[in-house]
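Quick note: numbers below take in every heavy atom, side chains included, and nothing from hydrogens, waters or symmetry partners.
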Amino acid sequence: YQRRVHGDRLIGLLRAYSLKMASLLTVEAGKTRIGWIGTGVMGNSMCGHLIKSGGYPTIVYNRSADKTTTLASLGAKVASSVQEVAENSDIVFLIVGYPSDVRAVVLGENGVLKHLKPGGIIVDMTTSEPSLAEEISEKAKQKQCYSLDCPVSGGDIGAREARLSIMVGGEENVMQTVLPLFQAMGKNIVYCGTAGKGQHTKMVNQILIATKLIGLCEGLLYAYRAGLDLNITLQAVSPGAAGSWSVSNYGPRIVQRDFAPGFFVEHFVKDMGIALAEAGRMNLSLPGLSLANQLYIALKAQGHSKRGVHGLMLALELLNNISLPINKA
């Protein structure tokens with residue numbers, strides 16, 4: 001037993017020493033090489049802000065190459081593979097769909113970690129599993145690299161306007177290194193703790209949103225049945241105690257029947273599944289989240305997986321045999 005304890009301590013010391021051998025880089029405008037994987041609704045705007053903010057040499061990759069054209073017009077090089085991104089980057093950002101995508105992109109046979117040089121930094125901005133963030137952190141250390149789990153909140157509007165909230169998990173000194181890049185994308189950057197804590201914080205965010213969206217949709221259904229003008233109703237309640245980002249941003253979209261995605265229903269279902277699984281491991285009962293999850297699964301079953309999360313109204317309309325008219329502001 002004593003030998004095992006001493007052996008574990010020795011391994012820990014050797015890993016720590018090995019990691020110190022790969023010193024942290026300094027972010028320099030026009031010099032630090034940025035890689036970006038995932039240029040969808042969110043990633044396209046976020047990466048664009050980095051290019052514009054400091055003239056960083058940038059290489060991007062997306063499975064659908066047509067989604068990289070805007071970034072290419074800003075000067076980004078378009079890669080043909082994840083490997084090419086990793087080999088030509090000091091810091092690699094990714095924002096992809098599912099934990100399985102994160103695992104393949106970072107830990108896969110031709111993934112980022114296999115080809116990133118020692119001292120490189122992986123910044124995963126996908127909403128993913130806390131346990132996967134911890135695994136990536138440990139494996140990055142073994143390769144003398146660093147990693148951060150940094151999910152975001154603020155949707156497509158926050159991404160376009162560089163007003164995202166960024167929840168950072170990992171080593172704080174690594175977060176401080178990447179901070180100038182975060183500041184180009186968001187306004188609220190919070191260090192949440194060690195590896196996985198950024199993802200846990202995002203789960204809190206998603207739990208709060210899920211139940212708020214139920215309230216928003218039910219409130220508007222009530223207002224419609226009561227004969228109220230929906231725009232005036234939102235104007236009346238938004239500044240008060242019932243007000244929230246969801247009410248102010250999703251409320252008008254619902255009223256105008258604009259269910260275009262800032263964040264996909266199918267990805268929100270994925271997030272709620274992660275949160276419920278984590279809650280189960282912590283022996284927590286979250287009935288509000290469970291209800292929201294079932295309503296969103298119904299919304300997916302109705303064919304709305306590619307709608308925005310405020311499309312929840314469509315499921316509740318069907319439940320009540322109501323279809324709200326278009327109400328222009």
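- A donor-acceptor pair under 3.5 Å is absent between the side-chain atoms of K143 and the main chain of L116, judged by distance alone.
- Just one of T39, V60, I37, I34 meets the side chain to side chain contact (heavy atoms under 4.5 Å, CB included) condition when paired with C47; it is V60.
- The same ILVMFWY cluster, assembled from side-chain heavy atoms under 4.5 Å apart, contains both V265 and I254.
- Distance check, rounded to the nearest 0.5 Å: CG of L71 to OG1 of T58 gives 8.5 Å.
- A salt bridge (Lys or Arg N to Asp or Glu O under 4.0 Å) check over residues 213-225, counting only residues at least two apart or in different chains, returns nothing.
- Hydrophobic cluster membership for M203: I274 (Ile, Leu, Val, Met, Phe, Trp, Tyr linked by side-chain heavy atoms under 4.5 Å, directly or transitively).
- For the residue pair T127 and K202, a side-chain donor N or O sits within less than 3.5 Å of a side-chain acceptor on the partner.
- Between atom CE of residue M46 and atom CZ of residue F182 there is a gap of 9.0 Å, rounded to the nearest 0.5 Å.
- Side-chain contact check for M185 versus V152: every heavy-atom pair is 4.5 Å or farther apart.
- A donor-acceptor pair is defined here as one N or O able to donate and one able to accept, closer than 3.5 Å; no such pair exists between the side chain of K197 and the backbone of G169.
- Between the side chain of N293 and the backbone N or O of M272 there is no donor-acceptor pair closer than 3.5 Å.
- Within the 4.5 Å cutoff, the side chain of L208 has heavy atoms near those of the V204 side chain.
- Under a hydrophobic-cluster definition in which Ile, Leu, Val, Met, Phe, Trp and Tyr are linked whenever side-chain heavy atoms come within less than 4.5 Å, directly or via other members, L132 and I122 are assigned to the same cluster.
- Across all their heavy atoms, C145 and P118 have their closest contact at SG-CA, 4.1 Å.
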### Task
Quick one: do V168 and T201 satisfy side chain to side chain contact (heavy atoms under 4.5 Å, CB included)? Show the steps, please.
CA-CA 9 Å; V168 185; T201 305; over 6 Å; no
### Message
Applying side chain to side chain contact (heavy atoms under 4.5 Å, CB included) to L291 and L295, what does each step give before you reach the verdict?
### Response
CA-CA 6 Å; L291 172 61; L295 289 171; 4.2 Å; yes
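- Residues M167 and V190 are not in side-chain contact: their nearest non-hydrogen atoms beyond the backbone lie 4.5 Å or more apart.
- With rounding to the nearest 0.5 Å, the separation of CG in L107 from NZ in K114 is 12.5 Å.
- Under a hydrophobic clustering in which Ile, Leu, Val, Met, Phe, Trp and Tyr are joined whenever their side-chain heavy atoms come within less than 4.5 Å, directly or via other members, L148 and V96 fall into different clusters.
- In terms of heavy-atom proximity, D156 sits nearest to R253 at OD1-NH2, 3.3 Å.
- Residue K117 places its NZ atom among more than 12 non-hydrogen atoms of other residues, nucleotides or ligands, all under 6.0 Å distant.
- Minimum interatomic distance between G262 and V41 (heavy atoms only, all atoms of both residues): O-CG1, 3.7 Å.
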### Message
Working note: K139 + V106, criterion side chain to side chain contact (heavy atoms under 4.5 Å, CB included); need CA distance, chi angles, decisive distance, verdict.
### Response
CA-CA 10 Å; K139 290 184 176 178; V106 178; over 6 Å; no
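- Side chain of S246 to main chain of S244: no donor-acceptor pair is present (N/O by atom type, distance under 3.5 Å, no hydrogens or angles).
- Checking side-chain atoms of E317 against main-chain N and O of L324 turns up a donor-acceptor pair under 3.5 Å.
- Look at R63 and D101 and you find a salt bridge, because one of the NZ, NE, NH1 or NH2 atoms lies within 4.0 Å of a carboxylate O, short of that distance.
- Considering CG of L289 and CD of Q206, their distance stands at 10.0 Å, rounded to 0.5 Å.
- Looking at E129 and R281, no side-chain N of the basic residue comes within less than 4.0 Å of a carboxylate O on the acidic one, giving no salt bridge.
- Looking at heavy atoms from C-beta onward, L221 lies in side-chain contact with M313 at the 4.5 angstrom threshold.
- At distances below 3.5 Å, at least one donor-acceptor pair connects side-chain atoms of Y296 with backbone N or O atoms of V309.
- Put simply, L316 and I322 are part of the same group of oily side chains (I, L, V, M, F, W, Y) that touch within less than 4.5 Å, one to the next.
- Here the side chains of Y61 and V92 are not in contact, with every heavy-atom distance at 4.5 Å or above.
- Clustering of Ile, Leu, Val, Met, Phe, Trp and Tyr side chains at separations under 4.5 Å leaves I157 isolated, with no partner residue.
- Here the closest non-hydrogen pair linking Y224 and S323 is OH-O, 4.3 Å.
- In this structure, Y250 and W245 have perpendicular ring planes: the angle between them is above 60°, well past the 30° mark.
- A distance of 10.5 Å separates CG of D271 from CD1 of I207, quoted to the nearest 0.5 Å.
- Under a 3.5 Å cut-off, the side chain of Y191 and the backbone N or O of G170 do form a donor-acceptor pair.
- Remark: the backbone N or O of Q199 is paired with a side-chain donor or acceptor of D149 at under 3.5 angstrom.
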### Task
Kindly indicate, with the supporting measurements, whether the criterion side chain to side chain contact (heavy atoms under 4.5 Å, CB included) is fulfilled by F259 and H310.
CA-CA 7 Å; F259 297 111; H310 54 300; 3.7 Å; yes
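- A single hydrophobic cluster is not seen to contain both V102 and V123; linkage of ILVMFWY side chains at heavy-atom distances under 4.5 Å, directly or through other members, places them apart.
- Residues F264 and K270 are not in side-chain contact: their nearest non-hydrogen atoms beyond the backbone lie 4.5 Å or more apart.
- With contacts defined as side-chain heavy-atom distances shorter than 4.5 Å, the pair I59/S89 qualifies.
- Formation of a donor-acceptor pair under 3.5 Å by the H304 side chain with backbone atoms of L312 is not found in this model.
- You'll find the side chain of L299 stays beyond 4.5 Å of the side chain of R307, heavy atoms only.
- Of the possible polar contacts, none joining the S238 side chain to the Q235 backbone as a donor-acceptor pair under 3.5 Å is found.
- Relative ring orientation between H267 and Y98 is described as perpendicular, the plane-to-plane angle rising above 60° on a 0-90° scale split at 30° and 60°.
- Listed here is the closest heavy atom pair of L50 and W36: CD1-CZ3, 3.6 Å.
- Here the shortest heavy-atom pairing between L230 and A223 reads CD2-CB, 3.6 Å.
- Within the model, atoms OH of Y146 and OG1 of T177 stand 8.0 Å from one another, a figure rounded to the nearest 0.5 Å.
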